[in-house]
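In what follows, chains carry the letters A, B, and so on, assigned in the order in which the sequence lines appear, proteins first and then strands, with residues in each chain numbered from 1. Note that this is a predicted model, so its numbers are computed, not measured.
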Protein chains: 2
Amino acid sequence: MTRTSKAETKGRKLSNFLCFAVYSANLAFGRAYKPILDAVGLTYTQYIAMVALSEEDEQTVSALGEKLFLESNTLTPILKKLEQSGYLSRTRDPADERQVRVSLTPAGRRLLDKDINVSLVEATGLGDEFPVVQKTVARLRDNLLRNTRADPKKG
Amino acid sequence: MTRTSKAETKGRKLSNFLCFAVYSANLAFGRAYKPILDAVGLTYTQYIAMVALSEEDEQTVSALGEKLFLESNTLTPILKKLEQSGYLSRTRDPADERQVRVSLTPAGRRLLDKDINVSLVEATGLGDEFPVVQKTVARLRDNLLRNTRADPKKG
DNA sequence: CACGATTAGATCGGATACGATCTATATTCA
DNA sequence: TGAATATAGATCGTATCCGATCTAATCGTG
């Protein structure tokens, strides 16, 4: 008696999908940031990459990729674009020519000093919940990555 | 005395960005779904679109877009692809030739009946928190969209 | 030292997102 | 009625993401 063909009775509605909540929240963030980032001529991903770079100089592409959960296939074009814009430098590491060291230029740091993001915290409408939501979503991400990556070779 | 140039003292670290938590959680979901969706030959977005279609037949592209927070520029190519795969039908509405009505085919419904998503709930590692996180992220998205869209013409 | 294996980036093709623009159909109202 | 306007999709260009593959540099071992 539990078998039906109606979507609702099986609970298969978009609102029931956590993945959709995250997917659409990400789209919403992109749109919220857009007018602000357009003003400084950066895209969402470019901005995130620069924030990651502001944490440390001379990072390799891989190290940066670990922070951003991206790989060279995605990062290389973005970094080249930011280099052309004069916001960062890319140089082969003399000690290991395979590696590329990436650092923000003074122009890049000046751009970040505008504290672009501050005005966005308000738009989340989360108030005091903000840090809790942030930690929860980060935990969700880490669980997903842990439970997915390195598929069960040992079980 | 509050002005410094160190990233850390200004709290400008990736882990402090809610937008990054959401961005990376979305990437993580995409990767978690990938092996499961690869098996049935769908992409993440195609799957989401089909779930939205399973809620109601004969939806217009715009109506579908409202649910998915996407517009025809993104949806049209995806719907055409799913049509070619035989999972849905697209027909101009005879009453208004501007509109395109989209419905799942029996093959499309059979695909969804496999309840692909069930196995993913577990991978979130959220346990009882699952529904709460889902609602919180959805609220975040709605706040962002409300506070961003239709920029302040009225003040 | 030499040669196979490994590693770090880069390149390429397919699939989203999205702004801007285009086309076809409907609607409005003088 | 018919020209101006509005609306629904579709198309195009740019920027991500990602799997697969390629190249160059390094390492490991005999």
Open item on the list: With a 4.0 Å limit, can you tell me whether Y44(A) has a side-chain N or O closer than that to the phosphate oxygens OP1/OP2 of dC18(C)?
Closed with: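 Answer is no, no contact under 4.0 Å.
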Task: dA15(C) phosphate, OP1 or OP2, under 4.0 Å from T45(B) side-chain N/O - done: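 No, outside the criterion.
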Do the non-hydrogen side-chain atoms of [X] and [Y] ever get within less than 4.5 Å of each other?
| X | Y | value |
| --- | --- | --- |
| T124(A) | F29(A) | yes |
| R139(A) | T136(A) | yes |
| I48(A) | C19(B) | yes |

Whole Å only: how far is the [atom1] atom of [X] from the [atom2] atom of [N]?
| X | N | atom1 | atom2 | result |
| --- | --- | --- | --- | --- |
| D38(A) | dA20(C) | CG | P | 9 Å |
| L82(B) | dG14(C) | CG | P | 18 Å |
| I78(B) | dC18(C) | CD1 | P | 11 Å |
| Q59(A) | dA8(C) | CD | P | 15 Å |
| L75(B) | dT16(C) | CG | P | 10 Å |
| K34(B) | dG14(C) | NZ | P | 14 Å |
| R98(B) | dT25(C) | CZ | P | 11 Å |
| Q84(B) | dG14(C) | CD | C1' | 14 Å |

Task: Main-chain N/O of L75(A) paired with S72(A) side-chain donor or acceptor, under 3.5 Å - done: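 No: the side chain of S72(A) does not pair with the backbone of L75(A).
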Task: Donor-acceptor contact present, side-chain Q59(B) to main-chain A52(B), <3.5 Å - done: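 Yes; at least one donor-acceptor contact below 3.5 Å.
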Task: Neighbour count above 12 (heavy atom, 6.0 Å) for E83(B) CD - done: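 Counting other residues, nucleotides and ligands, CD of E83(B) exceeds 12 neighbours.
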Task: T60(A): partners by side chain to side chain contact (heavy atoms under 4.5 Å, CB included), with sequence neighbours left out - done: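 In terms of side chain to side chain contact (heavy atoms under 4.5 Å, CB included), with neighbours along the sequence ignored, T60(A) is linked to S62(A), A63(A), Q99(A), R101(A).
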Open item on the list: Students often mix this up, so state it plainly: with edges at 30° and 60°, are the rings of F69(A) and F20(B) parallel, tilted or perpendicular?
Closed with: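 Ring orientation, 0 to 90° scale: parallel.
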Task: Proximity to DNA chain C (any heavy atom under 4.0 Å), residues of residues 86-96 of chain A only - done: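 Contacting residues: R90(A), R92(A).
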Open item on the list: Taking the nucleotide of DNA chain C with the nearest heavy atom to each, does R101(A) or Q46(B) sit closer to the 5' end?
Closed with: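 Of the two residues, R101(A) wins.
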For [X], which contact category applies under a 4.0 Å heavy-atom criterion: base, sugar-phosphate, or nothing?
| X | result |
| --- | --- |
| L70(A) | sugar-phosphate |
| E71(A) | nothing |
| T74(A) | base |

Task: Evaluation steps, side chain to side chain contact (heavy atoms under 4.5 Å, CB included), between L18(B) and L126(A) - done: CA-CA 11 Å; L18(B) 178 57; L126(A) 290 177; 3.6 Å; yes
- [ ] Walking along DNA chain D from 5' to 3', note the first and the last nucleotide with an atom under 4.0 Å from a heavy atom of chain A, and give both.
- [x]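 From 5' to 3', the first and last contacting nucleotides are dA15(D) to dT26(D).
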Task: Nearest-0.5 Å distance, CG of residue L144(B) to CG of residue L27(A) - done: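 Nearest 0.5 Å value for the CG-CG distance: 11.0 Å.
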Task: Contact nearer the 5' end of DNA chain D, comparing T76(B) with G30(B) - done: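 Its nearest nucleotide lies further toward 5', so the answer is T76(B).
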